[in-house]
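Inspection log for the structure reproduced underneath, given as structure tokens.
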Amino acid sequence: VKVPTISNFKVLQSMRLFMFITLLGLWFAVFYILVRQTIFYISFYALTFQIASMILLSISAGRLVVEKKLLDGMNEKKR
């Protein structure tokens with residue numbers, strides 16, 4: 001039984017090269033999309049943590065000012 005094959009080796013190698021370049025291009029496209037998404041997610045989480053830290057810092061600073069005013073007021077009453 002004779003198996004049908006492509007008899008011209010150059011045609012076979014050209015097809016393999018074309019498929020390899022196509023797969024390589026597809027891989028780069030997927031890599032580019034995933035890297036862009038990763039950078040977006042990293043940026044999103046970094047901004048989220050920064051906003052949360054600013055809110056917590058503002059609350060803490062306000063609480064320190066209020067506590068200082070209360071202590072000053074208590075110290076004045078003791079005198």
Side-chain angles (χ1 to χ4, degrees):
V1 174
K2 204 172 189 182
V3 179
T5 59
I6 297 177
S7 58
N8 193 352
F9 186 70
K10 288 182 182 178
V11 172
L12 178 64
Q13 289 298 87
S14 297
M15 287 175 56
R16 286 180 180 163
L17 180 64
F18 174 73
M19 288 190 300
F20 176 73
I21 291 172
T22 304
L23 284 174
L24 198 60
L26 183 63
W27 183 83
F28 277 120
V30 169
F31 180 77
Y32 174 73
I33 290 168
L34 290 177
V35 166
R36 280 187 52 203
Q37 286 180 346
T38 302
I39 291 172
F40 168 75
Y41 287 129
I42 289 171
S43 173
F44 174 75
Y45 286 120
L47 287 174
T48 302
F49 286 129
Q50 187 174 4
I51 290 169
S53 67
M54 290 295 217
I55 290 170
L56 293 174
L57 181 65
S58 299
I59 292 170
S60 297
R63 182 175 38 219
L64 285 174
V65 169
V66 169
E67 287 175 356
K68 185 176 181 197
K69 287 183 179 181
L70 287 173
L71 283 175
D72 289 344
M74 292 171 82
N75 288 336
E76 286 179 10
K77 287 182 183 178
K78 284 185 180 180
R79 291 181 190 175

Query raised in the report: Hydrophobic clusters join Ile, Leu, Val, Met, Phe, Trp and Tyr when side-chain heavy atoms are under 4.5 Å apart, directly or via other members; which others share one with Val66?
Result: Leu70
Could you list the donor-acceptor pairs under 3.5 angstrom formed between side-chain atoms of residues 11-25 and any protein atom two or more places apart in sequence or on another chain?
unit_1: Gln13; atom_1: OE1; unit_2: Arg16; atom_2: NH1; d: 3.0
unit_1: Ser14; atom_1: OG; unit_2: Lys10; atom_2: O; d: 2.7
unit_1: Thr22; atom_1: OG1; unit_2: Phe18; atom_2: O; d: 2.7

Under 3.5 Å, which donor-acceptor pairs link side chains of residues 47-64 to any protein atom two or more places apart or in another chain?
unit_1: Thr48; atom_1: OG1; unit_2: Phe44; atom_2: O; d: 2.8
unit_1: Ser53; atom_1: OG; unit_2: Phe49; atom_2: O; d: 3.3
unit_1: Ser53; atom_1: OG; unit_2: Gln50; atom_2: O; d: 2.8
unit_1: Ser58; atom_1: OG; unit_2: Met54; atom_2: O; d: 2.9
unit_1: Ser60; atom_1: OG; unit_2: Leu56; atom_2: O; d: 3.0

Cut-off 3.5 Å, no hydrogens considered: what does the side-chain donor-acceptor table look like for residues 28-35, sequence neighbours left out?
none

